[in-house]
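By convention in this document, chain letters (A, B, ...) are assigned in the order of the sequence lines, proteins followed by strands, and residues within each chain are numbered from 1.
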2 protein chains.
Amino acid sequence: MRISTRGEYGVRAMFDLALHHGQGPISLKTIAERQIVSEHYLEQLMASLRKAGLVTSKRGAQGGYELAYPPAEIRIGDIIRVLEGPITPLDCLDVSTGTGPYCGHPEQCVLRGLWKSLQDSMEQVLDNTTLEDLRQDALRLKVAEDI
Amino acid sequence: MRISTRGEYGVRAMFDLALHHGQGPISLKTIAERQIVSEHYLEQLMASLRKAGLVTSKRGAQGGYELAYPPAEIRIGDIIRVLEGPITPLDCLDVSTGTGPYCGHPEQCVLRGLWKSLQDSMEQVLDNTTLEDLRQDALRLKVAEDI
DNA sequence: TCAATTCCGAGTAAGTTCGTAGGAATTGAC
DNA sequence: GTCAATTCCTACGAACTTACTCGGAATTGA
């Protein structure tokens, strides 16, 4: 029931970009130093986020990454889905794979309801929180300038 | 964000035991056949559940496993915790490990709130569903006798 | 021109998952 | 007392995932 470092670091990087949104491209090196993660590893995560259209990049000197949309329009669930895959406790619930909704035996429908409830509650949290929400939290903690 | 087969099969096995609660010990072989999982693999899961006190076992001919408590007193969260470990999206949230609550940098407290909300919502679902709830669902589906 | 930076593909060590294998110990039924 | 059924225990292992590292090509602003 854990998210991996892909999701964790990815959300941290996107949160960092949200805090500095509007200040031009931020380099990987800067993000990696501020969030204390491996630069090369983060590079791979940013590549995924870029291909998914959540960030834009600029190469060369003074290049870096920026959010592709305002922080209020990027949900944490969007980030997690890109980096961790569908938000679901069980593969058979994932409509995108076509393996569900029936897993072969009718009695499993009872358990399916359970797992579906779990999935719904996870998505509810992750899709109702945006980067802007996190930014507001940070401002409220009055530590934004230190980050 | 997935549970592994340990949790999935374990819940299925416990659900099976709940449906047949009060009928004496149920053998691994029977559960494995009904739930279509590997008998040897399930054996390992049942060993964990036994050590955790959720089931009792009886060796020898006509032996098998039984729920240690009535279905209404066993929460799905209890089963998942035994088989998958603490229910938490991030290790640093797990109070039992002592690594939390501070992960070294204050700005992470903002993200901590997010992950904590996620954890709470997952535990809310898993700890508010008991085996009796699932049994009632099954009875309502009128398929209990087929299982 | 050059330093900074993204982009890209490959490799890899350690850990986790999902089992399998084999046999010892226990028990009820006959 | 024997035997079949069953739990109990330890060990092994193959495949997959995770969390990176490495090296270098391409791009860009100063």
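- Separating the CG atom of B/Leu42 from the C1' atom of D/dC8 is a distance of 14 Å, rounded to the nearest angstrom.
- Atom CG of B/Asp91 and atom P of D/dT18 are 14 Å apart (whole Å).
- In this structure, the NE2 atom of B/His40 is 11 Å from the P atom of C/dG23, given to the nearest Å.
- Taking atom CD1 of B/Ile31 as the reference point, atom P of D/dA5 lies 18 Å away to the nearest angstrom.
- Residue pairs meeting the side-chain hydrogen bond (donor to acceptor under 3.5 Å, both in side chains) criterion with at least one partner in residues 58-80 of chain B, sequence neighbours excluded, are B/Arg75-B/Asp78.
- Checking each of B/Leu131, B/Asn128, B/Thr130 against B/Ile76 for a side chain to side chain contact (heavy atoms under 4.5 Å, CB included) leaves exactly one that passes, namely B/Leu131.
- For B/Arg50, the side-chain contact (heavy atoms from CB on, under 4.5 Å) test picks out B/Ala47, B/Val55, B/Ser57, with sequence neighbours left out.
- Put simply, CG on A/Leu49 is 14 Å from C1' on C/dT6, counting in whole angstrom units.
- When rounded to the nearest whole Å, the span between CG of B/Leu83 and P of C/dT17 equals 12 Å.
- Considering only side-chain N and O atoms, A/Tyr65 lies under 4.0 angstrom from the phosphate OP1 or OP2 of C/dC7.
- The stretch residues 23-30 of chain A has no heavy atom under 4.0 angstrom from DNA chain D at all.
- Both B/Gln44 and A/Tyr41 lie near DNA chain D, and the one whose nearest nucleotide falls closer to the 5' end is B/Gln44.
- Atoms CZ and CG, on B/Arg6 and B/Leu45 in that order, are 5.5 Å from each other to the nearest 0.5 Å.
- B/Ser57 has no side-chain polar atom (N or O) that falls below the 4.0 Å cut-off from OP1 or OP2 of D/dT6.
- Relative to the side chain of B/Thr5, the nucleotides C/dC8, C/dC18, C/dT20 differ in distance, and C/dC18 lies closest.
- You'll find the side chain of B/Leu83 stays beyond 4.5 Å of the side chain of B/Tyr9, heavy atoms only.
- Whole-Å rounding puts the B/Glu8 CD to C/dT16 P distance at 21 Å.
- Judged by distance alone, the side chain of A/Arg12 and the main-chain N or O of A/Glu8 form no donor-acceptor pair under 3.5 Å.
- In this structure, A/Tyr9 reaches the D/dC20 phosphate: one of its side-chain N or O atoms is under 4.0 Å from OP1 or OP2.
- For the OP1/OP2 pair of D/dA19 and a distance below 4.0 Å, the side-chain nitrogens and oxygens of A/Arg2 include no atom meeting the criterion.
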Seminar exercise, completed: Contact string for nucleotides 25-30 of chain D, one letter per nucleotide 5' to 3', B = base within protein heavy-atom range under 4.0 Å, S = sugar-phosphate only, - = neither, reads -BBBS-

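- Considering only side-chain N and O atoms, A/Arg6 lies nowhere under 4.0 angstrom from the phosphate OP1 or OP2 of D/dT18.
- Taking a cutoff of 4.0 Å between a charged side-chain nitrogen and a carboxylate oxygen, B/Lys116 and B/Asp120 qualify as a salt bridge.
- Ion pairing between A/Asp137 and B/Arg112 fails under the 4.0 Å rule for side-chain N and carboxylate O.
- Rounded to whole Å, atom C1' of D/dT18 lies 16 Å from atom CE of B/Met1.
- Applying the side-chain contact (heavy atoms from CB on, under 4.5 Å) rule to A/Ser117 yields the partners B/Val125; only residues at least two apart in sequence or on another chain are considered.
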For this session: Under 3.5 Å for both distances, Watson-Crick or G-U wobble, that's the pair rule; now give the dot-bracket for DNA chain D, with | marking pairs to another strand and [ ] for crossing ones.
Result: ||||||||||||||||||||||||||||||

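- When all heavy atoms are compared, the tightest approach of B/Ala52 to B/Val82 is CB-CG2, 3.4 Å.
- Evaluation of atom-type donor-acceptor distances gives a pair under 3.5 Å for the side chain of B/Glu43 against the base of D/dC9.
- To the nearest 0.5 Å, the span separating CG on B/Leu118 from CG on A/Leu126 amounts to 5.0 Å.
- For B/Ser4, the side-chain atoms get nearest to C/dT17 when compared with the rest of C/dT17, C/dG22, D/dC20.
- Of the possible donor and acceptor atoms, none in the side chain of A/Glu39 sits under 3.5 Å from a partner among the backbone N and O of A/Leu28.
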